[in-house]
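The structure appears right after this line, and notes come after that.
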Amino acid sequence: AIHSINQLLLGSVAAGSEVTIRGWIRSRRDSKAGISFLHVHDGTCFNPLQAVVPSELDNYEEEVLKLCAGCSVIITGTLVESEGKGQAYEIQATGVDVVGWVDDPETYPVAKKRHTFEYLRTVAHLRPRTNAIGAITRVRTCLSSAIHRYFHEREFNWINTPILTSSDCEGAGEMFRVSTLDMVNPPKTDAGAIDYAKDFFGQETFLTVSGQLNVESYCLAMSKVYTFGPTFRAENSHTSRHLAEFWMVEPEIAFANLKDDADLAEDFLKYLFKAVLNERADDMAFFAERINKDAINRLQNVVENQFVRMDYTEAVAILQKCGKTFEYPVEWGIDLQSEHERYLAEEHVGAPVIIMNYPKDIKAFYMRLNDDNKTVAAMDVLAPGIGEIIGGSQREDRLDVMDARIDATFKGPAESHKEALWWYRDLRRYGSVPHAGFGLGFERLLSYVTGMENVRDVIPFPRTPGNAPF
Ligand code: 4AD
Ligand code: MG
């Protein structure tokens with residue numbers, strides 16, 4: 001029977017059974033005694049399975065001795081307990097079928113040796129064959145399913161919010177415009193230029209920056225909802241934490257305030273960390289050994305301890321008093337920069353920290369204005385090594401207050417923004433309730449969990465300014 005390598009290494013098949021595995025060669029070693037050892041991976045677990053191949057096989061000289069990293073094979077044999085350390089089982093091969101050769105082993109782009117992550121991005125189509133990207137891929141899957149499980153267990157409905165939209169949720173003007181132009185005969189303005197206003201059958205259309213506005217509408221009917229999907233930001237950021245296309249998890253809860261929101265974020269993150277520690281111990285051991293020696297410990301600490309929470313005002317005071325010179329000077333009213341966020345999380349707290357109640361002028365129009373009239377009920381969760389991983393808020397549920405914020409926030413004629421948001425404003429007119437939610441950047445979460453320094457290495461095919469080759 002055909003088995004995954006994971007099933008075999010876990011011991012779900014009795015030793016002595018006839019088994020077949022299918023996968024790719026990671027390495028081949030030949031002993032003088034006329035035996036070859038093949039390490040085969042199939043993506044189902046961190047460790048490869050060793051196949052012990054005797055020289056008696058018909059194709060031993062002709063084929064087995066020519067196998068190299070990257071060749072695809074089907075191996076049949078007897079599963080036996082292994083005497084070698086580091087592996088519980090191995091296969092005594094009775095047949096090795098070569099399915100696909102590697103054209104030129106000398107130039108195989110991911111031949112078995114250490115490659116830099118920067119280099120691996122240039123061979124994004126082959127990098128899943130490496131240990132690191134394989135491990136990241138399994139952790140990504142584990143976290144995705146833990147996310148759905150967490151919400152499912154707590155009566156949240158999953159809302160598939162649209163990717164094509166006309167609203168700019170964050171109001172930051174960082175949207176990709178989608179064109180339906182007929183490129184052969186594009187509509188022209190009177191001046192002869194391409195008439196982009198005729199996008200999407202006459203309506204300007206963009207890729208969403210966040211599903212929040214849509215998910216709020218379902219929240220105010222279904223009580224607890226979330227959206228989890230790709231989002232897009234046309235910001236020209238060349239950093240290790242920005243992508244032009246990234247995945248975001250956005251829960252939204254009704255009859256809830258900022259504290260409830262922060263409690264949800266804390267409970268959610270702890271659940272996810274526990275899941276990955278339990279379910280991907282093999283991959284996490286690799287990250288701890290090769291990427292960040294603290295990778296496992298720090299997650300365990302987070303799970304066991306309460307998150308530190310502090311107001312923005314207090315965070316500013318800490319930054320001003322800490323004696324460190326920042327590139328970007330700190331004063332009340334600034335948007336915290338990555339260097340400030342990292343100081344707070346890494347040096348001041350040494351764990352994720354929740355900063356709450358930011359100045360209204362640096363935050364989006366939908367955040368609830370506090371009684372001080374200066375701050376909004378916003379929160380960010382900052383993590384060591386990466387900075388902001390979550391941004392959220394209690395939403396403004398009072399129509400008059402929100403209208404005033406729309407007027408103050410958006411450039412251009414305020415009426416048109418209110419018109420465009422007519423449906424969102426309706427939610428404040430019909431059974432409005434206090435509600436709150438947040439967005440967790442999935443790649444930033446993965447960066448933190450694995451210790452990988454660049455978000456480009458935790459998404460299969462990264463899209464960044466000027467770089468989307470595949
Ligand atoms: O703080 P942001 O912009 O918040 C929102 O979009 C809200 N509408 C979310 C909500 O309340 N439902 O983005 C949320 C998170 C950030 O904390 C960050 O983790 C991630 O999304 N993020 C990015 N990740 C990768 N690349 C980018 N360019 C990102 N921009 C934001
Ligand atoms: Mg934010």
Side-chain angles (χ1 to χ4, degrees), residues 143 156 159 161 165 167-176 207-219 224-253 256 258 260-262 264-265 268-269 272 312 335-338 340-342 345 352-356 358-359 362-368 376-383 385-396 424 435-449 452-459 462-465 467:
L143 284 170
F156 283 66
I159 311 304
T161 50
T165 182
S167 27
D168 182 1
C169 172
E170 294 306 298
E174 292 170 334
M175 304 182 85
F176 287 102
L207 297 179
T208 189
V209 295
S210 158
Q212 179 197 321
L213 303 186
N214 300 85
V215 99
E216 276 185 61
S217 108
Y218 270 73
C219 176
K224 294 193 276 186
V225 296
Y226 71 106
T227 176
F228 181 21
T231 50
F232 306 84
R233 304 261 167 119
E235 53 192 331
N236 203 8
S237 302
H238 301 254
T239 79
S240 58
R241 54 184 216 150
H242 287 94
L243 292 162
E245 176 179 315
F246 64 98
W247 282 61
M248 188 158 41
V249 191
E250 298 180 90
E252 192 76 27
I253 46 178
L258 185 63
D260 301 320
D261 204 28
L264 177 66
F268 180 51
L269 287 175
L272 298 182
Y312 167 90
D335 204 357
L336 297 182
Q337 305 295 306
S338 158
H340 308 132
E341 294 178 345
R342 292 188 54 171
V353 50
I354 309 183
I355 312 288
M356 304 163 93
Y358 282 75
I362 56 168
K363 289 294 182 184
F365 75 94
Y366 55 70
M367 298 188 178
R368 194 175 197 280
V376 287
M379 63 158 196
D380 278 2
V381 178
L382 314 180
I386 178 106
E388 178 190 340
I389 59 169
I390 284 182
S393 62
Q394 183 176 341
R395 316 308 187 187
E396 185 53 77
Y424 186 70
H435 62 290
F438 62 80
L440 166 64
F442 192 46
E443 286 73 26
R444 292 200 186 168
L445 170 77
L446 270 158
S447 243
Y448 177 63
V449 165
M452 292 294 297
E453 275 173 20
N454 199 315
V455 287
R456 295 168 201 209
D457 300 322
V458 298
I459 189 165
R463 268 79 182 98
T464 50
N467 185 22

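First listed ligand is number 1; within each ligand, the first listed atom is number 1. This one's a predicted model, so the numbers in the text were calculated from it and none came from an experiment.
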| Separation of Leu143 CG from Phe442 CZ (nearest 0.5 Å) | 5.0 Å
| request: Taking the side chain as every heavy atom from C-beta outward, state whether Leu440 and Leu272 have any pair of such atoms under 4.5 Å apart. | output: yes
| query | Tally of protein N/O/S atoms under 2.8 Å from the Mg ion (ligand 2)? | reply | 1
| task | Count the heavy atoms belonging to other residues, nucleotides or ligands that lie under 6.0 Å from CZ of Phe268, then report whether that count exceeds 12. | result | yes
| task | Report the C-alpha separation of Leu445 and Val449 in whole Å, then their side-chain angles, then the decisive distance to 0.1 Å, and conclude whether the side-chain contact (heavy atoms from CB on, under 4.5 Å) test is met. | result | CA-CA 6 Å; Leu445 170 77; Val449 165; 4.3 Å; yes
| query | Are Asp261 and Arg395 within salt-bridge range, i.e. N to O under 4.0 Å? | reply | no
| Within 6.0 Å of CD in Glu388, more than 12 heavy atoms from elsewhere | yes
| said: Students often mix this up, so state it plainly: with edges at 30° and 60°, are the rings of Tyr312 and Tyr358 parallel, tilted or perpendicular? | reply: tilted
| Can you pull the residues with any heavy atom under 4.0 Å from ligand 1? | Cys169, Glu170, Ser210, Gln212, Arg233, Glu235, Arg241, His242, Leu243, Phe246, Met248, Glu250, Tyr366, Glu388, Ile389, Ile390, Gly391, Gly392, Arg395, Gly437, Phe438, Gly439, Gly441, Arg444
| Ser237/Thr239 under side-chain hydrogen bond (donor to acceptor under 3.5 Å, both in side chains): CA gap, chis, key distance, verdict | CA-CA 6 Å; Ser237 302; Thr239 79; 5.8 Å; no
| query | Can you list the steps and then say if Glu170 with Tyr366 is a side-chain contact (heavy atoms from CB on, under 4.5 Å)? | reply | CA-CA 9 Å; Glu170 294 306 298; Tyr366 55 70; 2.7 Å; yes
